[in-house]
Every structure is written in C-alpha cells, then in structure tokens.
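Read the structure below first, then the notes.
As the structure is a computational prediction, the values presented were derived from the model and not from experiment.
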Amino acid sequence: LQLALKSENRAEGLNISTDNDKNCQRDGLTAHLGSYEDLTTRFPANTFDAVVLNGSAEHFVNEDILITNQKATAQHHIFKLLAHVLKPGGRLFFTCIHFVDMPDPKQVLNNPLHLPQGSLEYHCSILQKFFSGWYPTIGEYDTAAANNGLTKVFERDATSDYLKTSNDWTRRVQSAMKQPHKRLQV
C-alpha cells in the first residue's frame, strides 16, 4: 500500500489483523478490517486494476475445508471473488508456497510433537495449528484461476528461498532457547 501511495496510485488494503489495520490507518493508508469473503460486499465489480495477495493465499484453506474435502471448491471460490473485483484485463499478483508432494492431511492434522521433527508433515502441522493454512499443490491455483477467466502470466518458484528462511529461523530459535537470557535478534 505504501508503494502505491508513493506512486500516487489509489490503493486499498484488506486486513484480518486489527493491529495491521490500525498500523495502516496510522500511516495514512486506506485499509479495511475483514476477510477475503468481504471482497464482493465491500467492493463493486470491476473496481481494481490490480490485486496483490502477498503470502496470504495459503491461509484461505483451513482445517474444516480439508476435513470435508472441499479444497478445490474453496480455491475456485477465492479466485471467483478476486476476478469479480478486478477490472477486465486487470492483474492479480500473489505469492504462495506450494506442495510438490501432497502430505496426508490426516497426518498433518496430528499434533506436530507426534511427528518427525523437520518432516514435511511436521512443518505442515505447525502451519495448520498455529497459522491455519494449507499450501496448494503445483497447478491447483492455475486451474482455479483459469476457471474464473484469469490467465497466469509469470510464475517463480521461491520454495528454496522459503526453506532457507525457515531453517535460519529454526537455528535462531534453537540457539535462543539454549541461552535463556539472550534476546532473539530479528
């Protein structure tokens, strides 16, 4: 939002976090508290030239959706809402980590302490328990987007970047835990 504001473009944000919403308001940014479900009620059709989802798309599929095997339906719904608020020819930019190999959702819904540390199931269980999310597999978002009239222009796999960041954070947390009086430097 800040970059759009600096370039004199109109930009609006949608936050699920009260704190983030307050920070945006404090910084003079136009933001609304709500979820992606509010897109079509908050914004009329064909409102935006571009929509950006940065690291949020994987959080739209939660445990209830997984258990009821409604992942594809939920993904289709998300892209339908996004297509609704985009102007014809508008652009959707999003970042999202994806699965190459799909873990067993039933395993992932277990307590992460009961799973092998460092395994895909362990990582996904933490994501699900603490952040409520499920990564798509390669191609799932392409299908959901295409079914709603959106066309992929570019894709970059940044999974290795995310893995490096995750491993770095794990090392920092483990190191800080060994030294109870040392503050974790971010």
Would you indicate whether the side-chain heavy atoms of [Y] and [X] approach each other to under 4.5 Å?
{"X": "L53", "Y": "V51", "result": "yes"}
{"X": "L82", "Y": "I78", "result": "yes"}
{"X": "K22", "Y": "T18", "result": "yes"}

Residues forming a side-chain hydrogen bond (donor to acceptor under 3.5 Å, both in side chains) with T95, sequence neighbours excluded: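 Residues passing side-chain hydrogen bond (donor to acceptor under 3.5 Å, both in side chains) with T95: N54.
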My understanding is that only residues two or more places apart in sequence, or in another chain, count here; which of them pass side-chain hydrogen bond (donor to acceptor under 3.5 Å, both in side chains) with N110?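 Residues passing side-chain hydrogen bond (donor to acceptor under 3.5 Å, both in side chains) with N110: Q107.
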[X] and [Y]: which non-hydrogen atoms are nearest, and at how many Å?
{"X": "C96", "Y": "Y141", "answer": "SG-CE1, 3.8 Å"}
{"X": "A31", "Y": "Q25", "answer": "O-NE2, 2.7 Å"}
{"X": "P112", "Y": "Y122", "answer": "O-CD1, 3.3 Å"}
{"X": "A11", "Y": "T30", "answer": "O-CB, 3.7 Å"}

Backbone N/O of S17 and side chain of D21: donor-acceptor pair under 3.5 Å: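 Pair absent, no side-chain N/O of D21 close to backbone of S17.
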Selection residues 4-42 - residue pairs positive for ring pair (Phe, Tyr, Trp, His ring centres under 6.0 Å), sequence neighbours left out: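 Found H32-F43, Y36-F60.
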Heavy-atom count around [X] [atom1] within 6.0 Å, excluding the residue itself: above 12?
{"X": "R91", "atom1": "CZ", "answer": "no"}
{"X": "N111", "atom1": "CG", "answer": "yes"}
{"X": "Q2", "atom1": "CD", "answer": "no"}

In the hydrophobic clustering that connects Ile, Leu, Val, Met, Phe, Trp and Tyr at side-chain heavy-atom distances below 4.5 Å, which members other than I16 occupy its cluster, ordered by chain and number?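 Same cluster as I16: nobody, lone residue.
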ILVMFWY cluster membership beyond F93 - transitive side-chain contacts under 4.5 angstrom: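 Its cluster partners, ordered by chain and number, are V52.
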Is there any salt bridge (Lys or Arg N to Asp or Glu O under 4.0 Å) pair reaching into residues 130-152, and which pairs are they, with sequence neighbours excluded?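 For residues 130-152, and leaving out neighbouring residues, the salt bridge (Lys or Arg N to Asp or Glu O under 4.0 Å) pairs sorted by first residue read K71-E140, D142-K152, K152-E155.
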Pairs touching residues 111-128 that satisfy salt bridge (Lys or Arg N to Asp or Glu O under 4.0 Å), sequence neighbours left out: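 Every pair satisfying salt bridge (Lys or Arg N to Asp or Glu O under 4.0 Å) with a residue in residues 111-128: there are none.
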Straight-line distance of [X] [atom1] to [Y] [atom2], nearest 0.5 Å:
{"X": "I67", "Y": "K106", "atom1": "CD1", "atom2": "NZ", "answer": "10.0 Å"}
{"X": "S35", "Y": "N15", "atom1": "OG", "atom2": "CG", "answer": "11.5 Å"}
{"X": "K80", "Y": "T73", "atom1": "NZ", "atom2": "OG1", "answer": "11.5 Å"}

Linked, directly or transitively: [X] and [Y] (ILVMFWY side chains, under 4.5 Å):
{"X": "L33", "Y": "L14", "result": "no"}
{"X": "Y135", "Y": "L66", "result": "yes"}
{"X": "V85", "Y": "F94", "result": "yes"}
{"X": "L39", "Y": "F48", "result": "yes"}

Quick one: side chain to side chain contact (heavy atoms under 4.5 Å, CB included) partners of [X], sequence neighbours excluded?
{"X": "T151", "value": "none"}
{"X": "L150", "value": "F79, A83, L86, L92, A145"}
{"X": "K87", "value": "N46, D49"}

Return the set of residues passing salt bridge (Lys or Arg N to Asp or Glu O under 4.0 Å) with R26 (not counting sequence neighbours), or none when no residue passes.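 Partners of R26 by the salt bridge (Lys or Arg N to Asp or Glu O under 4.0 Å) criterion come out as none, since no residue qualifies.
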Listed by chain and number, what are the salt bridge (Lys or Arg N to Asp or Glu O under 4.0 Å) partners of E12, not counting sequence neighbours?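 E12 satisfies salt bridge (Lys or Arg N to Asp or Glu O under 4.0 Å) with R10 only.
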Sole residue of V108, L115, D104 in side chain to side chain contact (heavy atoms under 4.5 Å, CB included) with C124: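 Single pass found, and it is V108.
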